Amino acid sequence: MAQLFDFEKPIVELVQKISELKKFSAEKDIDLSQEVSTLEKKVSRLKKEIYGNLEPWQKVQIARHSERPNFYDYAPLLFEDFIELKGDRLFADDRSIAGGIALFHGIAVTVIAQVKGKDTKENIKRNFGMPHPEGYRKAVRLMDQAEKFGRPILTFIDTPGAACDLGAEERGQGEAIARCLLAMAGYRVPVISTVIGEGGSGGALALGVGNVVLMLENSFYSVIAPESCASILWKDTSKAKEAAAALKFTAQDLLRLGVADEIVREPLGGAHNNLHQTAEELSQVISKYLVRLRSETPESLREKRYQKLRSIGVYQDKDQDKFALDLTKGLD
Amino acid sequence: MAQLFDFEKPIVELVQKISELKKFSAEKDIDLSQEVSTLEKKVSRLKKEIYGNLEPWQKVQIARHSERPNFYDYAPLLFEDFIELKGDRLFADDRSIAGGIALFHGIAVTVIAQVKGKDTKENIKRNFGMPHPEGYRKAVRLMDQAEKFGRPILTFIDTPGAACDLGAEERGQGEAIARCLLAMAGYRVPVISTVIGEGGSGGALALGVGNVVLMLENSFYSVIAPESCASILWKDTSKAKEAAAALKFTAQDLLRLGVADEIVREPLGGAHNNLHQTAEELSQVISKYLVRLRSETPESLREKRYQKLRSIGVYQDKDQDKFALDLTKGLD
Amino acid sequence: MFKDIFRKTKYVTIQSAPSQKRSPSEPSPQEPPVISKRELPDGLWVKCPKCGEVLFTKNIEENARVCTTCEYHFRISARARLKLLVDENSFEEWDSEMISEDPMEFPGYKDKLLEAQEKSEMMEGVLTGRAAIEGVPVVLAFNEANFMMGSMGSVVGEKIVRAIERAIDLRLPVVIFSTSGGARMQEGILSLYQMAKTSAALGRLADEHLLYISVLTDPTFGGVTASYASLGDILIAEPNALIGFTGPRVIKQTMRQELPVGAQTAEFNQEHGLIDLIVERTQMRSALARLLLYHQEGAQYGATV
Amino acid sequence: MFKDIFRKTKYVTIQSAPSQKRSPSEPSPQEPPVISKRELPDGLWVKCPKCGEVLFTKNIEENARVCTTCEYHFRISARARLKLLVDENSFEEWDSEMISEDPMEFPGYKDKLLEAQEKSEMMEGVLTGRAAIEGVPVVLAFNEANFMMGSMGSVVGEKIVRAIERAIDLRLPVVIFSTSGGARMQEGILSLYQMAKTSAALGRLADEHLLYISVLTDPTFGGVTASYASLGDILIAEPNALIGFTGPRVIKQTMRQELPVGAQTAEFNQEHGLIDLIVERTQMRSALARLLLYHQEGAQYGATV
Ligand SMILES: [Zn+2]
Ligand SMILES: [Zn+2]
């Protein structure tokens, strides 16, 4: 494993110990199998303890892991066929968003996915997974076709946020994201949005208006990057860990808050430890929801998606009865 | 008059003669009123003769006259109010196409117009009236709103052609024009397109898909600029005059060919000789057609516009009966 | 007669040329307004940050908080704007008693809310209701910059959605004046989804062929630019207003990119095709009245509702 | 099982990197094809203009007129393309007897038409009909470069519109292969309006939620780019095809602007977001078959037709 986090060190140290013990046992021809077995059980316990109780900041680290699978890793495992379609027909093809038509469990679907690079070169090509307006406009173009031809839409969210540079401002980043939100809210086809890594702010939300929102176990989905939050709250980006806790953005938080519908299990330690297993989990959970959604009518899909959005928010309304009066008055 | 054409010289010379005669008559105190009167009648005859029998190339010269009124000259005379709305919401505001909401004879309409500059500085700003893709995309954006809110659309055509530079190619000039054509063909509101000066090729046609196509008397509307045509036909751009005759692109030609519905009269010698008179003619003719079109149903407006386009074209079909068979066969 | 028509000609005063470029770094959307609502009434004098002129506070207040010398547009509260805009006694406020909870138990949020209520004299960061502008009935919403920089949490989102839904019931057009730093961090993902919620409601309004005019005022950024503020059939901005997705300071920090002078101004946005109209505050009432009027007819052609 | 699914994975061969830049000035759309249909069968050998390799004509013909060394795509006639694409004996040609008049009495047009008919062995510049591709029924149209550079006059426009209208009647998808210098000058304004006519017909096809795939081949310019060729739900281009609105020579003459190397290639267009897919000729049949198949389902959700 190329990238190792502090919280994983006890596990790695124990695994090393076992390895040394085995070597010693073999060299000296001493039977230590019982000790090894005890230690291996301990490793297993330790893994469950550590990975099962990750703090928000630790999940952020896993979600951002340099070897975390991206959309292109999952695509050949999730789909029987995938034909990538490019471009917004206006300005450019944005490589931080991939889109196209795929065959998923025998069903033709439209797929839209944010894609981070795996190395510096690829990250430059994909702008570190931060889409420009042309990326969101490509997404809307392809999703509009899904609506036209009655194809379900699967989106995969994995971005630190929308691009924040002069070009993005010049070409209307705000407008591009807003149009994505408006468009997704209106579709009469099933829409399933899955956060597979980072879900960074408005740039992530732009693909997040699903009938169903799924989250990989170690993904997060936040109104603001923890570093930026720490910078605003405590004028100290190094307090990102505290901010991560305050923001309540883990998959588990979002399930509790009613924003996420289900958490997709990852292998212990994260998706990068077993791509195939993660892909299979993803495939099964998405398929389950797709079957459910396909049994609904187009109007019901739109209406329920609206009602889901409509219900998000927590507030006190001291004056709930007043509007009935207002409206009557307004209608005269 | 700043710009004088060769074919106008006999008139100007005669007018000068009369002026000299009058001066001479006054200085010498000799009565030459009868001679002056005769000459003035002759001027009048000459004007009708010359301006009434302009060759295609002469009309091109008038249509391109540096003082020919542009859309911004007509706007305050045609409309009680005009609120210009800018931008394609994607990339830029193209100043070679103006658009907005106007009040025309008390009716709210959407207006889209190509605008050439009156001097070099303005021409640079307006790219000599040659729109980029963002201009056509602005037009579609504003016309889509006309459709949404049930407003009639008035377009005014005045362009040497669409912009032909690297930027136009990069941003999809072809796509932008094609979308304009597709959009205009589908609207269920009245669409009246008026050629007020040059109607240059696809860049002009993009705004020309009206239920009614009107042309100012000295405007032209052509598949290709006469200079380019001459260059292809005879490898000699100086033969533009001959090309102009071959292309049959005057208002009178287009009326005969069934593309134009009516010719709007200009003052003798061209619109630049009397802006107010031209505006009043325009106002009356457009209003006449608008009243007619507003009495039709939305579906009929769309259907008739389609049938109008559908009927344009001249060909021989030796095999007209064959399709009935084909179709039957196809349906089994 | 033809001539009579000409006399009626009125044009919107459009400041289309970006003649007065403004440095993107000062003032930025994260900073407090140049002169806050609380400061202005207390001082007798105020210095215009654009032309430098020292002005009578009273005179500016009387001139819609626009500099009497250079037409610099000072920030203005939601209620003051409302007063400039609507017919007398025509405003009926909606949902005035809605207040925020602290669903994330976010550090310091409760105190911030109390502070904001005191500073803005409002219960939350948006004022909604119905009114008439020169006789034309309309549903209105105004962000309040003095309430946590106009940020959008659950209450702001919900109030805007309710206003839009009522506009659909009443078959009225909607005008929203935005001024906001973006989504409200303290309500986490709930704030983020208010962007989707308000956009979805505007989609329903559009399906009903009802007009939505979005007026962007200084400053409009982040999650508000990326939702309801950008979705108007017509987008109007006030002169010199800073409008964008990412604030200039964040762009500088993140991308090490210094924005050119004049970037993110209303004029910059218009040049880049993102704004229909720039309208001075003193002309806003007239411009809106005309646009609303010209949309009253409608629905005669086109897809019938 | 999950594993089984993987084996079926097939990807379209997409040549997305513009690795082989082509000079925009040579060959240009106004020029005759590098090797015309008539030249190729006569010569025993041909030199590839891209890699310089001298090749057996027969081998190229057998390889879909694609260079066996560097995959350079030579131009190909409408009928040869048809043969590569559709299921055997499935093609039914439409309107094959339509021919052009000379409505403008344009100098030399009648001779040009006769010449073109002889050169292309077609009555006019487009071949239309219905067929099946890997069993999926489809309406097809192919421009013919050897007929006056695939230019669009009344017949080309009318035949394409008829094909689209019949597709609507038959509820079939449409695939059009474009190659054209643009609108046909010799029929004046009638040619120009074929752009509007074909676009309008495609609007009706779209209203019916029927798929339209546009395949752009070398060269596609002018009035064809600015009408039906750009209006596909899916735009496919062949590698290295030159595609644009204005030809490079005209841009150079008019604007005194020399286009950069590689401008207006399929790859350039894809980078600028204008093309969905670049598909090699030998993969075209399979790519179209899959796309057509995946659109057969449809209409289960979304606006029902
Ligand atoms: Zn001032
Ligand atoms: Zn070769």
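Every value quoted in this text rests on a predicted model; they were computed, and no experiment measured them. Labels below follow one simple rule: chain letters A, B, ... track the order of the sequence lines, proteins then strands, and each chain is numbered from 1.
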> Where do A:Leu181 and C:Ser227 come nearest, in terms of heavy atoms and distance?
Replying inline: CD1-CB, 4.4 Å

>> Is C:Ile99 in contact with chain A via its backbone, its side chain, both, or neither, using a 4.5 Å heavy-atom distance?
In response: both

> Does a salt bridge link C:Asp207 with A:Arg302, judged by any charged N lying under 4.0 Å from a carboxylate O?
Replying inline: yes

>> What verdict does the side chain to side chain contact (heavy atoms under 4.5 Å, CB included) test give for C:Gln257 and A:Leu166, after you've listed the backbone C-alpha separation in whole Å, the side-chain angles of each residue and the deciding distance to 0.1 Å?
In response: CA-CA 8 Å; C:Gln257 186 176 36; A:Leu166 181 61; 3.6 Å; yes

> Does the distance from a Lys or Arg side-chain N to an Asp or Glu carboxylate O, for C:Arg256 and A:Asp165, drop under 4.0 Å?
Replying inline: no

> CG of A:Leu309 to OH of C:Tyr193: how many Å apart, nearest 0.5 Å?
Replying inline: 7.5 Å

> Nearest heavy-atom pair of C:Pro107 and A:Leu233: which atoms, and what distance?
Replying inline: O-CD2, 4.4 Å

>> With side chain to side chain contact (heavy atoms under 4.5 Å, CB included) as the criterion, how do A:Arg171 and C:His272 come out once you've worked through the C-alpha distance, each side chain's angles and the decisive distance to 0.1 Å?
In response: CA-CA 7 Å; A:Arg171 300 195 292 280; C:His272 286 94; over 6 Å; no

> Is it the backbone or the side chain of A:Arg179 that comes under 4.5 Å from a heavy atom of chain C, or both, or neither?
Replying inline: both

>> For the residue pair C:Glu158 / A:Tyr315, report whether a side-chain donor-acceptor contact shorter than 3.5 Å exists.
In response: yes

>> Is A:Val259 close to chain C through its backbone or its side chain, or both, or neither, when contacts mean heavy atoms under 4.5 Å?
In response: side chain

> Do any of residues 184-192 of chain C have a heavy atom less than 4.5 Å from a heavy atom of chain A, and if so, which, in residue order?
Replying inline: C:Met185, C:Glu187, C:Gly188, C:Ile189, C:Leu190, C:Ser191, C:Leu192

> So which of C:Gly244, C:Ser230, C:Ala226 has the largest heavy-atom pair count under 4.5 angstrom toward chain A?
Replying inline: C:Ala226

> Which atoms of A:Ile224 come close to chain C, meaning under 4.5 Å heavy atom to heavy atom: side chain ones, backbone ones, both, or neither?
Replying inline: side chain

>> Which atoms of C:Ala206 are under 4.5 Å from chain A, going by heavy atoms: the side chain, the backbone, both sets, or neither?
In response: neither

>> Would the distance check show the side chain of A:Gln173 and the main-chain N or O of C:Thr246 forming a donor-acceptor pair, the cut-off being under 3.5 Å?
In response: no

> Can you list the residues that meet the side-chain contact (heavy atoms from CB on, under 4.5 Å) rule with A:Ala251, with sequence neighbours excluded?
Replying inline: A:Met215, A:Ile263

> Under a 4.5 Å heavy-atom cutoff, which of C:Val224, C:Thr225, C:Thr198 has the most pairs with chain A?
Replying inline: C:Thr225

>> Does any backbone or side-chain atom of A:Phe249 lie under 4.5 Å from a heavy atom of chain C? Answer side chain, backbone, both or neither.
In response: neither

>> For the backbone of A:Val314 and the side chain of C:Ser154, can you confirm whether one donor and one acceptor N or O come within less than 3.5 Å of each other?
In response: yes

> Step by step, would you call C:Lys159 with A:Asp317 a salt bridge (Lys or Arg N to Asp or Glu O under 4.0 Å)?
Replying inline: CA-CA 10 Å; C:Lys159 282 181 78 171; A:Asp317 189 356; over 6 Å; no

> Are the charged groups of A:Arg310 and C:Glu165 less than 4.0 angstrom apart, N to O?
Replying inline: yes

>> With rounding to the nearest 0.5 angstrom, report the CD to CZ distance, A:Glu175 to C:Phe245.
In response: 12.5 Å

> Where does A:Leu254 contact chain C at under 4.5 Å (heavy atoms): side chain, backbone, both or neither?
Replying inline: side chain

>> Between C:Gln194 (side chain only) and A:Ile312 (backbone N and O only), is there a donor and an acceptor less than 3.5 Å apart?
In response: yes

